[in-house]
There are 2 protein chains.
Amino acid sequence: MTEDRQSTKCRLLDAAESLFAEKGFENVSIRELAAAAEVNVAAVNYHFQGKENLFHEVILRRFVIQRDKTLAALDDLLTETDGHPGVDQVIGILVRQHMEGALAGPGSASFLSLMARQMQPGHSHMAGTFFKEMVAPVYGSFSRAIIAARPGLKQEQLSWISASIVGQIHHFIMRWQKRQDLESDPESLQIMLRAFPPLGFSLSEYSEQVTEHIIRFSTAAIDGMYPEVTP
Amino acid sequence: MTEDRQSTKCRLLDAAESLFAEKGFENVSIRELAAAAEVNVAAVNYHFQGKENLFHEVILRRFVIQRDKTLAALDDLLTETDGHPGVDQVIGILVRQHMEGALAGPGSASFLSLMARQMQPGHSHMAGTFFKEMVAPVYGSFSRAIIAARPGLKQEQLSWISASIVGQIHHFIMRWQKRQDLESDPESLQIMLRAFPPLGFSLSEYSEQVTEHIIRFSTAAIDGMYPEVTP
DNA sequence: AAACACATTAAACAGATGTTTGAATATTGT
DNA sequence: ACAATATTCAAACATCTGTTTAATGTGTTT
């Protein structure tokens, strides 16, 4: 049946995404995967020709979703603002899209965990696809939006700015994920909360606060480094 | 012999640090480790009571070195400036210490690679030690130095600022490491270089440019968000 | 020199790993 | 309804994993 044919493949992809994000590629056995997806152990080799390939398809699928969502959101902003968005609005979209994809998704922490693992040595075969399909389009669209907001900015200045912004985003996401890991170690958790109080709130509050901070921090930096030339 | 007793242990630690940073904990077998260190396979269990423990000792050793270097550098700055450093100087020290530790070390990419792996799920038992021995002291000293530079800043504002700075540092280091991985894939490398030209330079030039950018970006942000109250 | 604790060694261990097999079952096209 | 194709399944495969063993070597102490 056509529906079932996708069913096992799809159940495998879902289970894999969740498990890989949670425990890491090397720490998930095919048998564990098969059990979680309620399929036979041979299914992963039958449908994906190996564990490695399954991993590739998992992150590719998630990347495409994330990319399209971000591109659409940037597009919407440009039309809504008649091509003249604010820097804060553009940055806000980038932050929110990443936060949602990383902390909301099915299984709570899927996208950025996967991406972090993808970034590790040993998985560099996927790096090419990742840059071509994910980084390049999103970065291009983001750059155009920022330039629409600040026509004076040069390409190289933009490279630095976006790197600083993305770096902050990933770091704040990582902090939340680490916070979750430390639930089992109350003493360490307390130390972490003392050093970074915002982690004491709920996920949605944390997301809001982080978003607002990155926007304020980054726009202030941009304004300070490259003052807007308003005639 | 006393000298040799340390020799195998030390060779094992060195080999482990390099291999773990390069390939990741799970992707290095004890036999591989033993071969690299030119010791017997049983040595790691004899001296470290297991692979996991060896990993702990490896990152603990590196963390202590890194922590002490950073604390000393911050201390020096405070005495040199009679307790009144500039924000840019304080940030500069944090950035430079991280860049050196991450990109210079023996085996080229040791410290931050290890730290990134340590941050992964499954190694949370070390997270407690990490926060108590590494994050807390460095963050405390860094905070005091920043407050010495900007007496008006509140603790919570400091939390956000330092998170943004550390996030940038880690991200720029990660970019350089990923750039190295892509040497074998010229096409992807070219895409990466087009999106982020600074990676086209040498490591030392990259470090300098990154340091300068983070300092400028972050001080501009701080100045913009929390204007200095100069009477 | 004998006794001692420590270190190194090659070999073996038990278990988990990814993958393959070949038969059984289900789905499809005609 | 029948043949052809696609999928599922339990079992077996070879290999690699971390760890242990028991024997041998090494330097120090008595």
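A, B, ... follow the sequence lines: proteins, then strands. Residue 1 opens every chain. Quick note: numbers below take in every heavy atom, side chains included, and nothing from hydrogens, waters or symmetry partners.
Taking only side-chain nitrogens and oxygens, A:T8 comes nearer than 4.0 Å to OP1 or OP2 of D:dT8. Within the 4.0 Å cut-off from OP1 or OP2 of D:dA6, not a single side-chain nitrogen or oxygen of A:H47 is found.
Side chains of B:Q155 and B:S143: no donor on one and acceptor on the other come within 3.5 Å.
Ring planes of B:F172 and B:Y206: perpendicular class, angle over 60° (limits at 30 and 60°).
In this structure, the nucleotide among C:dG18, D:dT8, D:dT17 sitting nearest to the side chain of A:K51 is C:dG18. Distance from the side chain of B:V41 is smallest for C:dA11 among the nucleotides D:dT7, D:dG18, C:dA11. Among the nucleotides C:dT20, D:dT19, D:dA6, the one closest to any side-chain atom of B:N45 is D:dT19. When the nucleotides D:dT20, C:dT17, D:dC9 are ranked by their closest atom to the side chain of A:A42, D:dC9 comes out on top.
In this structure, B:K178 forms no cation-pi arrangement with A:F131, as its terminal cationic atom is not both closer than 6.0 Å to the ring centre and no more than 45° off the ring axis. For the pair B:K51 and B:F25, the cation sits on the ring face: its NZ or CZ lies under 6.0 Å from the ring centre, inside 45° of the axis.
Nearer the 5' end of DNA chain D, as judged by each residue's closest nucleotide, is the contact made by A:N40, out of B:I30 and A:N40.
One can place CD of A:E32 at 8 Å from P of C:dT17, the figure rounded to the nearest angstrom.
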